[in-house]
Amino acid sequence: MWKGGKVERSPKRIAVVGASLAGLRAAETLSQRVPNTEVVVIGAEPHRPYDRPPLSKKLLSGEWEPERIQLRPASSFDELDVEWRFGVAATRLEPAASGTGGRLHLSDGSCLEAEGIVIATGASPRRLAGQSQFGHVHVLRTLDDAMAIRAAIGAGGQSVVVIGAGFIGLEVAATAKQLNNQVTVLEGAIAPLIRGLGEEMGTAIADIHRAHGIDVRCGVQVESLTETGVQLSEEHLDADLIIVGIGVVPATQWLDDSGLELRDGIVCDETLQAAPGIYAAGDVARWPNPLFGEEMRVEHWTNAAEQGALAANNLIDLAAGKTPVPYGPVPFFWSDQFDQRIQFLGRSSPDDEVIVAAGSVAEGKFLALYGRNGKLHGAFGLNAPRWVMPMRKQLLSRVSFNDALAFVASLP
Ligand SMILES: Cc1cc2nc3c(=O)[nH]c(=O)nc-3n(C[C@H](O)[C@H](O)[C@H](O)COP(=O)(O)OP(=O)(O)OC[C@H]3O[C@@H](n4cnc5c(N)ncnc54)[C@H](O)[C@@H]3O)c2cc1C
């Protein structure tokens, strides 16, 4: 996380907006590298930074309590020389007309001037029309959301409908099933996870859920939510509890009149700079990944952690007259559903060539490679970490698809 040493010339004050994973990593980096700079973190949620992946897994199942998902223990958190303002949102940003950084307007009516700003406001769940009027319809993004779903599920025995078979929807479905509920998943596309994995692999994941007794229905359109469930085009599905998992939108609304370029995220350069002295990190940042020659916005844990630290390092280095570093990673994510471990390295698109290079879908353990324009583009593993992780180096070297297949054939 910490790159480079303490710097001589540093801004007087740096503000971090968003107090979650990317914001925490930025704040930690700043407090270590520029001890004479005042670091202020603005966080809309009332909570200290916590980890989101368990929200749909062990926290939702009741196996873990909220204390277990804190990103840092209270003692090391209190040691950071950082001012935390929880329960306060940034409502507007005026970038500095000359110089760097800008002025933040906050929801408590105050303003904050900062020479450097790291924006790490993440993303918010998309909602269906009218869903806020129904108490039994939930989304899952925050600790409070997860605790509300957990309370609603209670001791199980309920009919739960999950709308949207993305990663979060499928994880919630798996957890709800493990808690002895009757679970139906509704997906508009012909298979789950098409955008992330393509049809064949998405179908393999759907089959795992079906084998555990979940009713996974693809190619269905939800017409409306009702007091008692979900209206589909040809039937009404009764549900005690509905979870809407239809993706997220980057949390940029508060930046609408900031002059920053916003296009499904905050548009940054290769070093994550959006404007002089203003950087973005995590789920909210869109940047050109030089390794893949592709602009991307990534909604996964590893990316948020790495970008938070890198944005802070680059902000400090540029202010000190040093050259900032481009961010060119191999994107990575994991997902746990039932006892299955899903891992993906790189990128995929629905028209990629997909070949199962090791293991098989039938045995429930395999590595699939994704190729585009003759090059290896992604690697997807089900219960196969020993096959997936060596592919990171192959993706970093941007090897040809054929060389990647030959490499996998040589793996033990
Ligand atoms: C249920 C769930 C399960 C997940 N599971 C996995 C997984 O298994 N594997 C994986 O790789 N990834 C997973 N992820 C994704 C991962 O958690 C995210 O990529 C990561 O949390 C992004 O971190 P972030 O700091 O960029 O944004 P966030 O974690 O979204 O945090 C942004 C913070 O900024 C705050 N904020 C927003 N607007 C403002 C404002 N105007 N002013 C001040 N504060 C503001 C928000 O309240 C929030 O606290 C999961 C996510 C969820 C929700």
Side-chain angles (χ1 to χ4, degrees), residues 15-27 40-61 69 71 84-93 104-108 112 117-126 138-147 149-150 162 164 166-175 196 243 245 247-256 258 265-266 272 279-286 297-311 331-337 340-345:
V16 177
V17 187
S20 181
L21 178 59
L24 173 69
R25 290 294 176 99
V40 184
V41 184
I42 313 297
E45 289 184 72
H47 310 290
R48 287 179 167 194
Y50 60 86
D51 213 14
R52 288 184 207 275
L55 297 182
S56 45
K57 310 173 186 90
K58 292 196 161 145
L59 186 106
L60 189 61
S61 71
I69 67 166
L71 277 168
W84 300 90
R85 295 200 198 165
F86 295 118
V88 178
T91 52
R92 239 187 109 204
L93 165 65
L104 290 163
H105 295 252
L106 307 181
S107 58
D108 62 3
L112 187 72
I117 297 174
V118 178
I119 302 174
T121 46
S124 328
R126 281 182 210 281
H138 298 254
V139 293
L140 176 52
R141 182 76 193 178
T142 66
L143 174 57
D144 296 350
D145 296 336
M147 293 308 279
I149 298 172
R150 191 167 123 169
V162 177
F167 284 106
I168 291 174
L170 289 174
E171 288 178 2
V172 172
T175 304
I243 294 108
V248 294
V249 283
T252 57
Q253 216 180 358
W254 65 283
L255 294 165
D256 277 350
S258 65
I266 301 170
L272 304 180
Y279 286 75
D283 285 15
V284 79
R286 167 172 289 281
R297 187 174 68 75
V298 173
E299 294 169 2
H300 299 299
W301 197 99
T302 310
N303 177 73
E306 290 179 356
Q307 285 194 342
L310 186 119
F332 170 72
F333 70 80
W334 78 93
S335 173
D336 297 321
Q337 298 168 25
Q340 313 283 310
R341 169 134 284 213
I342 291 166
Q343 293 171 307
F344 194 93
L345 274 165

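Indexing begins at 1, ligand by ligand and atom by atom, following the structure's order. Residue numbers count from 1 along this sequence.
- In this structure, Phe333 and Phe344 have parallel ring planes: the angle between them is below the 30° cut-off, well short of the 60° mark.
- At least one N/O-N/O distance between Asp283 and ligand 1 falls below 3.5 Å.
- Contact annotation for Trp254 and ligand 1: only side-chain heavy atoms (C-beta onward) come within less than 4.0 Å of the ligand.
- At least one N or O atom of Ala90, backbone or side chain, sits closer than 3.5 Å to an N or O atom of ligand 1.
- Annotation: side chain of Ser56 is in contact with side chain of Leu140 (closest heavy-atom distance under 4.5 Å).
- At under 3.5 Å, not a single nitrogen or oxygen of Gly43, backbone or side chain, sits near a nitrogen or oxygen of ligand 1.
- Contact annotation: Glu171 has at least one heavy atom less than 4.0 Å from an atom of ligand 1.
- With a heavy-atom cut-off of 4.0 Å, Ala123 touches ligand 1 through its backbone alone.
- Atom 27 (O) of ligand 1 has Gly122 CA, 3.3 Å as its closest protein atom, hydrogens excluded (heavy atom only).
- Heavy atoms only, all atoms of each residue included: Ala15 and Leu104 are closest at CB-CD1, 3.6 Å.
- The nearest heavy-atom contact from the protein to atom 39 (C) of ligand 1 is Thr121 CG2, 3.4 Å.
- Contact annotation: the side chain of Val298 never approaches that of Phe332 to less than 4.5 Å [non-hydrogen atoms, C-beta and beyond].
- For ligand 1 and Ala120, the ligand atoms under 4.0 Å from any heavy atom of the residue are 32 (C), 33 (C), 34 (O).
- Residue-level proximity to ligand 1 for Glu299 is carried by the backbone, the only part with a heavy atom below 4.0 angstrom.
- Checking only distances, Arg52 does come within under 3.5 Å of ligand 1, N or O to N or O.
- Within the 4.5 Å cutoff, the side chain of Leu93 has heavy atoms near those of the Ile119 side chain.
- For the residue pair Ala146 and Leu59, the shortest heavy atom distance occurs at CB-CD2, 3.7 Å.
- Ring-plane geometry between His47 and Tyr50 is classed as perpendicular, the angle between the planes exceeding 60 degrees on a 0 to 90 degree scale with a lower cut at 30.
- Shortest non-hydrogen contact noted between Ile42 and Ala90 is CG2-N, 4.0 Å.
- For a threshold of 3.5 Å applied to N or O pairs, the pair formed by Ala22 and ligand 1 contains at least one separation below that value.
- Protein heavy atom at the shortest distance from atom 23 (O) of ligand 1 is Ala304 CB, 3.4 Å.
- Leu21 places none of its side-chain heavy atoms less than 4.5 Å from the side chain of Arg52.
- Regarding atom 8 (O) of ligand 1, its nearest protein heavy-atom neighbour is Lys57 NZ, 2.7 Å.
- Annotation for ligand 1: atoms under 4.0 Å from non-hydrogen atoms of Ile42 are 43 (C), 44 (N).
- Neither the backbone nor the side chain of Phe332 comes within 4.0 Å of ligand 1, counting heavy atoms alone.
- Side-chain contact between Val17 and Ile117 is present, with at least one heavy-atom pair separated by less than 4.5 Å.
- Residue Gly282 approaches ligand 1 through these ligand atoms, each under 4.0 Å from one of its heavy atoms: 26 (O).
- Arg141 places a side-chain N or O within 3.5 Å of a backbone atom of Ala123 that can act as its donor or acceptor partner.
- Looking only at heavy atoms of the protein, atom 53 (C) of ligand 1 is closest to Ile168 CD1, 3.7 Å.
- In this structure, the side chain of Thr175 does not engage the main chain of Ser61 through any donor-acceptor pair within 3.5 Å.
- Between Ser20 and ligand 1, at least one pair of N/O atoms sits closer than 3.5 Å.
- If you check which protein heavy atom lies closest to atom 7 (C) of ligand 1, you get Trp334 O, 3.3 Å.
- Under the 4.0 angstrom criterion for non-hydrogen atoms, Gln307 is not in contact with ligand 1.
- Looking at Arg297, its side chain does come within 3.5 Å of a backbone N or O of Asp283 through a donor-acceptor pair.
- Heavy-atom proximity to atom 13 (C) of ligand 1, evaluated over Gly23, Pro53, Pro49, Gly169, is greatest for Pro53.
- Each of the following atoms of ligand 1 lies closer than 4.0 Å to a heavy atom of Val17: 42 (N), 43 (C).
- Listed by atom number, the atoms of ligand 1 under 4.0 Å from Phe333 heavy atoms are 11 (O).
- Leu143 places a side-chain heavy atom less than 4.5 Å from the side chain of Leu55.
- The closest protein non-hydrogen atom to atom 46 (C) of ligand 1 is Glu45 OE2, 4.1 Å.
- Closest protein heavy atom to atom 11 (O) of ligand 1: Trp301 N, 3.2 Å.
- Within the 4.5 Å cutoff, no side-chain heavy atoms of Leu106 are placed close to those of Arg92.
- Within ligand 1, counting atoms from 1 as listed, the ones closer than 4.0 Å to a heavy atom of Ala89 are 42 (N), 43 (C).
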